[in-house]
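So the structure is just underneath, and the comments pick up after that.
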Amino acid sequence: MKEPKRYLVTSALPYANGPLHIGHIAGAYLNADIFVRYLRLKGKDVAFICGSDEHGAAITLRAKKEGKTPREIVDHYHAIMKKAFEDFGIAFDEYHRTSSPEHHQMSQEIFLHLEKKGSFEVETSKQYYDEEAKQFLADRYIMGTCPNCASERAYGDQCENCGRTLSPLDLINPHSTLSGSKPVLKETSHWYLPMAHHEQWVKEYISEGKLDHEQHHDPKTWKAHVVGQCMSWIDGGLQSRAMTRDLDWGVPVPLQGAEGKVLYVWLDAPIGYITNTKVWAEKKGRNWEDYWKSDDSQVIHFIGKDNIVFHCIIFPIILKEHGGFNLPINVPANEFMNLEGDKISTSRNWAVWLHEYLQEFPGKQDEMRYVLASIMPEQKDSEFTWSDYRDRVNNELADILGNFINRVFVLMHKYYNGVVPEISGTPTQAEEDAGKQAFESYQQIGKKIEEFRFREALAEAMNIARAGNKLLTETEPWKLVKSDAAATARILRSCLNFVADAAFCLQPFLPFTSEKIREALRVNWCSWDELGQGELMQTGHTIGSLPILFEKVTDEIVGAQMAKLEASKKASQVSVVEPIKDNIDFESFQKMDIRLVKILEAEYVPKTKKLLKLTVDTGADKRTVVSGIAEHYKPEEVVGKTVLFLANLAPRAIKGIKSEGMILMAGNETLGLSIVQPEKSMNAGDTVK
RNA sequence: UGCGGGGUGGAGCAGUUGGUAGCUCGUUGGGCUCAUAACCCAAAGGUCAUCGGUUCGAGUCCGGUCCCCGCUACCA
């Protein structure tokens with residue numbers, strides 16, 4: 001591929017229904033920021049674009065739950081995220097938002113263009129509408145009686161009792177699971193993107209990197225899991241997808257007769273990349289189209305692995321169908337980051353929140369940037385632990401980098417009053433080696449960044465400091481100063497240049513630290529390509545002083561963060577108490593046969609994750625029950641236990657096994673499920689009243 | 001369950017087109033003392049998840065099995 005003139009780099013638009021955590025940062029923001037900062041150092045023309053994704057049903061649901069308006073929700077999180085990004089040094093050119101008028105306009109223009117061109121297929125159908133909740137109901141929000149097996153708990157898309165696939169219209173006595181009311185049928189139309197029409201070229205684009213039969217990119221430069229996931233999608237056949245929704249929060253569909261409809265959030269969100277580019281360009285007096293439509297521009301999307309097919313297949317289809325837009329040259333999706341052995345989870349409050357970190361660790365952005373960059377989930381999931389944070393900050397940042405810089409500053413001031421000495425004589429082998437190593441590292445850093453190997457790039461930058469440490473220890477200038485002034489001067493001047501080189505190369509990764517060092521050195525940086533060509537520190541230049549760059553992380557800090565995680569986990573348990581359900585009469589209660597049963601046998605249901613097949617003694621008979629508890633109890637743990645049981649629940653087939661009744665358990669999201677047992681020793685068959 | 005990705009010394013990871021298994025941290029021993037008890041050197045430690053196949057030769061290619069992650073299914 002030829003060198004482009006411009007780059008358009010995007011990071012996934014974060015969804016504005018919660019704050020940012022370190023998993024987000026390591027997934028799609030820090031890597032993009034490093035990449036962009038590097039390109040800028042190379043003197044490239046780059047637009048780095050992001051913004052809040054503020055539409056979609058999840059936000060309206062959350063608003064409803066919290067008694068707020070969607071606008072209040074997104075305003076709140078947009079502000080938190082924007083500030084957190086800024087404070088953390090993620091240097092977007094533009095961080096805009098999809099609820100803005102500019103974005104609505106852009107999305108509608110693109111939609112209209114496609115509509116006029118006939119890119120969509122409009123399908124009209126009758127769908128259930130909940131008059132109380134004032135909205136159309138997705139299939140799974142409707143329940144009713146199955147026409148096939150008469151189960152009363154069939155969903156709008158499928159009856160889980162008999163396994164039959166249904167449409168909501170098949171249900172007898174349908175009711176809305178949102179309000180409980182009886183929904184009415186209303187006609188509604190939606191605009192579908194017939195992706196099957198595009199299968200041919202998409203396949204070529206992903207597997208061969210060809211677009212319109214011309215080489216567009218080298219697919220070998222794409223990550224394996226990105227290509228893999230796309231190909232599996234394509235091979236499975238591309239289905240039409242509705243690009244509109246019946247919802248009152250989003251970008252309105254700009255057509256007659258489409259009142260109450262909005263663009264599907266997954267359509268409008270990536271268009272946000274375009275809007276936000278335009279917003280930025282207009283502020284800067286540039287032409288946004290240069291970045292999106294010009295032959296000599298490249299588009300790169302940084303995202304997490306949950307977004308792959310959208311960015312590699314669906315959005316490219318929209319862009320190509322629209323015409324004129326560049327398709328991404330690469331989509332370097334990262335995998336996920338775990339936290340202390342567990343998945344990061346917003347709902348369970350198991351996360352290190354970026355805005356909280358910034359508050360609790362003021363001035364320590366680079367420490368977190370370093371750690372996250374070191375463990376980015378580039379090829380597979382990775383794990384953040386506070387003890388690892390401590391080790392990396394202490395052993396690498398403080399001991400190797402910080403200490404090296406400190407050694408050099410101290411020696412420079414001690415021997416030369418901070419003035420760069422003149423050099424003479426022939427360098428020794430050790431000096432040559434160190435210089436070679438530093439140069440090699442510097443070269444590698446750029447190469448690795450361009451290959452999206454940020455962890456290796458960072459390690460290479462650290463190698464410059466390592467080379468410096470080695471040179472100092474091997475040549476021992478504190479001894480040499482008494483015997484060989486020329487050699488001492490050469491070595492310290494080299495080391496000082498290593499400090500400058502390291503600080504320079506670390507700019508994309510540790511911008512705050514880099515700047516501190518630059519100020520102390522009192523130099524102006526050159527461009528990236530000029531770095532290897534001469535020394536940054538010249539004869540006669542006087543350097544300033546530099547305080548200790550990195551404080552050690554104590555065990556107390558680690559302990560406090562661990563305690564905080566545990567505490568917030570517990571707090572989240574308390575906060576998710578379910579509201580009391582509507583009253584029922586005593587007769588309804590009496591209808592239920594709740595009793596104690598003894599579990600006689602238990603085994604896993606093959607090919608499932610959550611199911612156990614149990615044989616229980618109800619006192620009156622023995623029966624088989626399938627229970628979704630396998631993630632919480634092993635078969636041998638439940639055998640012999642006396643547990644609560646709902647005995648007169650209508651039988652139901654699960655995975656081909658007839659289940660007659662239901663084991664009752666206590667449960668919450670954090671701790672999972674727990675068997676409820678009688679406090680005294682009671683018998684199987686005893687009823688619960 | 002289907003699909004995709006992954007399983008490499010104590011921990012975290014790299015291993016591009018098949019040719020003696022590397023890196024960082026940790027551990028052990030030694031050196032040094034300018035420096036944030038920091039730095040440098042050396043050593044120990046891996047049947048590359050597992051079984052079988054292709055090959056003169058496989059961590060690297062092919063097939064089976066197990067485990068982890070994501071989407072998906074199951075959860076009365």
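Lettering follows sequence order; numbering is per chain, from 1.
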task = Go through W350(A) and F384(A) one step at a time and tell me if the ring pair (Phe, Tyr, Trp, His ring centres under 6.0 Å) criterion holds.
result = CA-CA 12 Å; W350(A) 189 251; F384(A) 178 94; over 10 Å; no
I400(A) side chain, from C-beta outward: closest of A76(B), U36(B), C25(B) = C25(B)
ask   = What integer distance in Å separates N463(A):CG from G22(B):C1'?
value = 13 Å
ask   = With a 4.0 Å cut-off on heavy atoms, is N403(A) in touch with a base, just the backbone sugar-phosphate, or nothing at all?
value = base
M462(A) CE - C13(B) P separation (whole Å) = 18 Å
query = OP1, OP2 of A14(B) versus side-chain N and O of K380(A): anything below 4.0 Å?
reply = yes
query = Closer to the 5' end of RNA chain B via nearest nucleotide, is it L471(A) or E551(A)?
reply = E551(A)
request  = Would you mind telling me which of U36(B), G4(B), C25(B) lies closest to the side-chain atoms of Q229(A)?
outcome  = G4(B)
key: Most 5' of F336(A) and S374(A) on RNA chain B, judged by nearest nucleotide   = S374(A)
ask   = Between S207(A) and V227(A), is any pair of side-chain heavy atoms under 4.5 Å apart?
value = no
message = Nearest to the K470(A) side chain among U8(B), U24(B), C40(B), which nucleotide is it?
response = C40(B)
request  = Could you measure between the two C1' atoms, the one in C75(B) and the one in G4(B), and give it in whole Å?
outcome  = 24 Å
message = Checking contacts here: which listed nucleotide (A76(B), C13(B), U24(B)) is nearest the side-chain heavy atoms of E396(A)?
response = U24(B)
request  = Taking only the side-chain heavy atoms of N469(A) (C-beta and beyond), determine which of C39(B), U36(B), G12(B) contains the nearest atom.
outcome  = C39(B)
ask   = Which part of the nucleic acid, if any, lies within reach of S659(A) when heavy atoms closer than 4.0 Å are counted: base, sugar-phosphate only, or nothing?
value = nothing
request  = Could you tell me how the ring of H301(A) sits relative to the ring of F315(A): parallel (under 30°), tilted (30 to 60°) or perpendicular (over 60°)?
outcome  = tilted
message = Any side-chain N or O of R455(A) below 4.0 angstrom from OP1/OP2 of A14(B)?
response = yes
request  = Return the nearest nucleotide to the side chain of K414(A); candidates are C39(B), A35(B), C25(B).
outcome  = A35(B)
query = Between R392(A) and A11(B), is there a side-chain N or O to OP1/OP2 distance below 4.0 Å?
reply = no
ask   = Base, sugar-phosphate alone, or nothing: which one does A398(A) contact when heavy atoms must sit under 4.0 Å apart?
value = base
key: Atom-to-atom span, CG of L458(A) to P of C25(B) - whole angstrom   = 13 Å
task = In whole angstrom, give me the gap between the C1' atoms of G18(B) and G31(B).
result = 42 Å
request  = Kindly point out which of G70(B), G6(B), U36(B) is positioned nearest to the side chain of A224(A)?
outcome  = G6(B)
inquiry  = Less than 3.5 Å apart, any donor N or O on the side chain of Q429(A) or D433(A) sitting next to an acceptor on the other?
reply    = yes
note = Whole-Å distance, I313(A) CD1 to G4(B) C1', equals 12 Å
inquiry  = For U65(B), give the paired nucleotide (Watson-Crick: N1-N3 plus N6-O4 or O6-N4; G-U: N1-O2 and O6-N3; both under 3.5 Å), or none.
reply    = A49(B)
inquiry  = Could you check whether D218(A) and T221(A), counting side-chain N and O atoms only, form a donor-acceptor pair closer than 3.5 Å?
reply    = no
ask   = For C56(B), which nucleotide in any strand shown is its Watson-Crick or wobble partner with both distances under 3.5 Å?
value = G19(B)
query = Between C25(B) atom C1' and F384(A) atom CZ, what is the distance in whole Å?
reply = 16 Å
ask   = Over how many whole Å does the gap from N417(A) atom CG to C34(B) atom C1' extend?
value = 16 Å
request  = Answer with base, sugar-phosphate or nothing: what part of the nucleic acid does R466(A) contact at a heavy-atom distance below 4.0 Å?
outcome  = sugar-phosphate
ask   = Taking the same atom, P, in G30(B) and in A35(B), what whole-Å distance lies between them?
value = 24 Å
request  = Rounded to the nearest angstrom, tell me the gap between atom CG in L411(A) and atom C1' in A35(B).
outcome  = 7 Å
query = Charged N to carboxylate O under 4.0 angstrom, K448(A) versus E456(A)?
reply = yes
C1'-based separation of G45(B) from G9(B) [nearest Å] = 5 Å
ask   = Counting only side-chain N and O atoms of R453(A), is one of them less than 4.0 Å from OP1 or OP2 of G15(B)?
value = yes
key: Complementary nucleotide for A42(B) - Watson-Crick or wobble, under 3.5 Å   = U28(B)
inquiry  = Can you check the distance between G46(B) and G10(B), where both ends of the measurement are the P atom (answer in whole Å)?
reply    = 8 Å
K448(A) vs A14(B): side-chain N/O to OP1/OP2 distance below 4.0 Å = no
request  = Output yes when D381(A) and K305(A) qualify as a salt bridge under the 4.0 Å nitrogen-oxygen rule, no when they do not.
outcome  = yes
key: Nucleotide of G26(B), C39(B), C13(B) approaching N395(A) most closely (side-chain heavy atoms)   = G26(B)
Listed nucleotide nearest any side-chain atom of D399(A), set A14(B), C39(B), A35(B) = C39(B)
query = When the P atoms of G57(B) and G52(B) are considered, how many whole Å apart are they?
reply = 16 Å
ask   = What distance, rounded to whole Å, do you find between the two P atoms, one in A58(B) and one in U54(B)?
value = 11 Å
query = How long is the line joining CG of L397(A) and C1' of U24(B), in whole Å?
reply = 13 Å
remark   = Closest of U33(B), A76(B), G6(B) to the K479(A) side chain is U33(B)
ask   = Just checking, is any N or O donor in the side chain of Q437(A) or S441(A) under 3.5 Å from an acceptor N or O on the other one?
value = yes
request  = Could you give the distance separating G26(B) and C56(B) at their P atoms, to the nearest angstrom?
outcome  = 46 Å
